[in-house]
Each structure stands twice: as C-alpha cells, then as structure tokens.
Amino acid sequence: MRVVKSQKDKAWEGLREGITKIRNARRNGDWPLLQDEFAKVNKMIETSKQLIITHNGVPGFYIKMLMEVEDSLSAALKDKEGLKKLKPVVTRALNQMKLQVKKHNDGYKEQIAD
C-alpha cells in the first residue's frame, strides 16, 4: 500500500529521526556520533528553510533538542574527572561540539529562552 505524505511531514519525520539518534547518543555519551547527527539535523533545517517560513517557524522539538544538547554538554564539561577518562577522539568531539553549539545556538537565543 502506498502512503502519500506532504513535504512538511517528510521533513519533520527526518528531523525527528535525527533528534532521536542525538538523544540516544547523548545518553550513551557518544559525542562523535552526536556531533555527526547534530550536523545532519542542522543541515536538514537549512534545506527546509522554505517549509519553516511557511509553517509557523522552527519546530518546537528542534528547539527542545538544542536546549538538551547544550545542557548535557555543559554537564559533561563540568565533570573534570570524567573528561580525563575519555578517549582522545571523544574529547576532541566534545570540544568541537562545545564550539558548534555555542555558535549555532546564538541564532535561536529567544526561542531557547522561551
């Protein structure tokens, strides 16, 4: 059976899948995977700009994900003992995520504050 979905539904479904992967990676402490998925989801948002403009702005679940990533990133960076135990690849990904999140979330400050 063939299911017809609107362009908006396809885009939002792809975003939700990426956000689910980000949440799982965040729970597992898999910062390299989280970094890759974060970049993919942000790229999806960029390609869906026209849909976002016509459909009441950025979806709330995306803003919630940005907030969760920022919170878990700050918690991971505060744990100095835990940082020393991480593998170099994970530490590098964590530091890169810190820069990416800081740069990226500047555009969504008002929505995150709400």
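We use all heavy atoms of the structure for the numbers below, so side chains are in, but hydrogens, waters and symmetry mates are not.
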message: Within the structure provided, determine whether M65 and L15 are in side-chain contact (heavy-atom separation under 4.5 Å).
response: no
- prompt: Backbone N or O of G82 within a donor-acceptor pair of the D79 side chain at under 3.5 Å?
  reply: yes
query: Is there a path from I45 to V69 through hydrophobic residues (I, L, V, M, F, W, Y) whose side chains come within less than 4.5 Å of each other?
result: yes
message: Test your reading of the model: is there a side-chain donor-acceptor pair from S48 to the backbone of L51, 3.5 Å cut-off?
response: no
task: Determine whether more than 12 heavy atoms belonging to other residues, nucleotides or ligands lie under 6.0 Å from atom CG of D106.
output: yes
message: For a 4.5 angstrom cut-off between non-hydrogen side-chain atoms, does Q100 reach K103?
response: no
task: Would you check if L66 and F38 make a side-chain contact, meaning some heavy-atom pair closer than 4.5 Å?
output: yes
task: Applying side-chain hydrogen bond (donor to acceptor under 3.5 Å, both in side chains), name anything that partners Q7, two or more places apart in sequence or on another chain.
output: none
query: Is the shortest distance from a Lys or Arg side-chain nitrogen in E70 or K102 to a carboxylate oxygen in the other one below 4.0 Å?
result: no
task: Might you point out which heavy atoms bring A93 and Q35 nearest each other, and give the distance in Å?
output: CB-OE1, 3.4 Å
message: Can you confirm whether the side chains of R92 and N95 place a donor and an acceptor under 3.5 Å from each other?
response: no
task: Could you state whether L33 and I19 fall into the same hydrophobic cluster, counting links through intermediate Ile, Leu, Val, Met, Phe, Trp or Tyr residues with side-chain heavy atoms under 4.5 angstrom apart?
output: no
Electrostatic pair E37-K40, nearest N-O below 4.0 angstrom: yes
